[in-house]
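Following: one structure in structure tokens, then a few remarks.
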Amino acid sequence: MTETVVTRFAPSPTGFLHIGGARTALFNWLFAKAQGGKMLLRIEDTDRARSTEAAIAAILDGLQWLGLDWDGEPTFQFARADRHREAVEQMLAAGRAYRCYASAEELEQMRATAQAEGRPPRYDGRWRDRPASEAPEGRAPAIRLKAPTEGETVIDDLVQGRVVIPNKDLDDLVLLRSDGTPTYMLAVVVDDHDMGVTHVIRGVDHLTNAARQTQIYEAMGWAVPKMAHIPLIHGPDGAKLSKRHGALGVEAYREMGFLPAALRNYLARLGWSHGDDEIFSTEQAVAWFDIGSVGRSAARFDLLKLQNLNGHYMRDTPDDELMAALKTALPHLPGGPDFSARLDASGRWEAFRLALPGLKERAKTLVELVDGARFLIDERPLAVEPAAAGLLTSDARDLLARLSERLSALEPWTAEGAEAVVRAVADDAGVKLGALAQPLRAALTGRKTSPGIFDVLVALGREESLGRIEDQASPPRAA
RNA sequence: GCUCCCAUCGUCUAGCGGUCUAGGACGUCGCCCUCUCACGGCGAAAACAGGGGUUCGAGUCCCCUUGGGAGCGCCA
């Protein structure tokens, strides 16, 4: 009898969905799919001061963009406060928790002396066994867990292995604050239990929390779910990648023009491997994913590799699909809306479509794709980039004039036909193809680089092409 | 400071005691292709942190050192 796997992704809505969180979500999602289980979503909004609606929206949006769907409706942790308090009552009744009347100042002092004596800063348990009759007048108590003081707490982690924490290093954590609100530590345990979570997959930064939470499970008499603490992602400089250290939200990657499938592939490859496989579909990742193949060391985020991977995905995406992907991404790309509007206005979407095969070959991101297509929306007379202007020597302009004449007679207007004409003009002039192709590129695109020049001719169409060539060609010689 | 975790090319990683004179990918550097830039093809440089064990045999197991990281809140 195997139970159905239930995982959960539990972000706190205090900011966007950063890349580390996205990978945690991905691993939860992959594992659930691989096991034929479910992934639940829980918003940990118990920190009322820092939680915002905007962050919730950003997180949901980020997950959706990445294609990581969750089962059922998201659970909002704050709404479950009553249930959390109920669990505390149970622990109180069972003698596994107690009221603590220590003031903030006392706590501060405890930490200070512990530090001074070289001990880990922790609560000294002074209210563990004191009768309520000694409670100071008018002070609301916090409820603490009566944690074991001896022995050790063991975490059998699917990734980290068997991790043993001495109980003397764990203090009596607060379950309920003096204002009656539940703490994260309590809420996580109660929610994971109530939601039927079988596998907790999260970052290693929660490893010690796992020990404390294990104690709560034991105090409640509940079975501890399987745990998998995955390594963190570091920045390119090796420093930790956190919100404070330049970590970007997933929406930033959307704005950089990455495809969700490529980002998923890249993220999956960070910390998890399936032999030497580098490029694989999400279906394959689901089929192959197993927690045992997740590594234990932190990985650095390498934007260059992501770009390379994204380039692969763009090239492998059929034109129609890529076009559709671009259209949905355009509102999020820098200059995207303008690009879109200009293509609409000039009626050149078809030209874009014609140029796409050559364009996608040269772009690693959708942003580069848009940039490469700029010549399509530019209007005559073209502003020639300085680097390309050098190509338009007077000899070159003479050649363009000859080409213009011969090209205008071309029928039908095809890449093959255009190539034949261009080659013939170059031959007749006794120059290499490049001597004509490069000036032609400058005239047609205003740049030194572009897709194959014959494809550009076709994408632009006869009228526009001839116009652009004439704009740069030498004027006809007076007779 | 205390507790815990980690350690193969610059980076992501394969390797689960012998098949490792350590493989793949990104990046870098050559060459080829070529109308430019890309793509693609071919090739090169590039790593088992150090020291002790265990073993017939260690990148693979154990210990120490060093170096990274995380956690130590009435934050999550």
Side-chain angles (χ1 to χ4, degrees), chain A residues 10-14 44-47 49-51 77 100 102 104 107-108 111 114-123 140-144 155 157 159-161 163-166 168-171 173-179 181 183-185 187-188 203-209 211 229 231-232 234 236 238-240 266 269-279 292 295-302 304-309 311 315 358-364 368 372 388 391 419 422-423 426 432-442 445 447-454:
Chain A
S12 60
T14 54
E44 310 221 312
D45 57 350
T46 52
D47 184 341
R50 293 199 298 150
S51 297
Q77 193 160 61
C100 168
L107 260 21
E108 188 43 54
R111 270 190 283 272
Q115 288 274 30
E117 290 167 21
R119 290 181 291 110
R122 58 189 177 89
Y123 176 68
I143 313 292
R144 286 183 185 267
I155 304 158
D157 196 271
V159 171
Q160 305 294 331
V163 178
V164 180
I165 312 271
K168 64 176 176 54
D169 294 325
L170 267 17
D171 62 359
L173 66 275
V174 171
L175 297 167
L176 229 45
R177 300 185 186 96
S178 47
D179 66 359
T181 58
T183 61
Y184 160 80
M185 220 53 93
V188 166
V204 262
D205 47 334
H206 286 284
L207 192 58
T208 28
N209 289 339
H229 289 89
L232 268 23
H234 288 176
K240 69 175 172 185
Y266 177 74
R269 200 65 192 66
L270 226 46
W272 174 77
S273 63
H274 181 264
D276 281 336
D277 293 306
E278 294 286 347
I279 300 177
R296 273 184 278 199
S297 51
R300 297 189 191 197
F301 193 88
D302 184 355
L304 250 24
K305 188 159 183 177
L306 206 211
Q307 283 177 344
N308 173 276
L309 195 57
R315 272 173 262 129
L359 251 18
K360 73 180 183 183
E361 199 78 2
R362 292 163 173 78
K364 289 187 166 63
E368 289 182 8
L391 259 14
E419 177 162 4
V422 175
R423 282 186 186 279
K432 286 188 178 175
L433 180 57
L436 174 54
Q438 279 300 85
L440 178 57
R441 187 182 322 278
T445 68
R447 295 182 169 189
K448 286 176 74 167
T449 68
S450 80
I453 202 62
F454 311 116

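Since we're looking at a predicted model, the values are computed, not measured. Order of the sequence lines fixes the chain letters, A, B, ..., with proteins taken first and strands second; residue numbering starts at 1 for each chain.
- A sub-4.0 Å separation between OP1 or OP2 of B/G73 and a side-chain N or O of A/Arg122 is absent.
- Residue A/Arg423 places at least one side-chain N or O closer than 4.0 Å to OP1 or OP2 of B/C35.
- Between B/C33 and B/A38, the distance separating the two C1' atoms is 12 Å to the nearest Å.
- For the P atoms, the distance from B/G41 to B/A22 is 24 Å, rounded to whole Å.
- At a threshold of 4.0 angstrom between heavy atoms, the contacts of A/Ser273 are confined to the sugar-phosphate backbone, with no base atom among them.
- At least one donor-acceptor pair closer than 3.5 Å links the side chain of A/Gln160 to the backbone N or O of A/His229.
- For B/C72, neither phosphate oxygen OP1 nor OP2 lies less than 4.0 angstrom from any side-chain nitrogen or oxygen of A/Thr208.
- A salt bridge does not link A/Glu368 to A/Arg362: none of the charged side-chain nitrogens sits closer than 4.0 Å to a carboxylate oxygen.
- Nearest to the side chain of A/Glu361, among B/C39, B/C26, B/C35, sits B/C39.
- Under 4.0 angstrom from either OP1 or OP2 of B/A7 there lies no side-chain N or O belonging to A/Arg296.
- When distances are taken from the side chain of A/Asn308 to each of B/G24, B/G69, B/G27, the shortest belongs to B/G27.
- Note on A/Ala142: a base of the nucleic acid sits closer than 4.0 angstrom, heavy atoms only.
- Nearest-nucleotide positions on RNA chain B for A/Ala10 and A/Asp169 put A/Asp169 closer to the 5' end.
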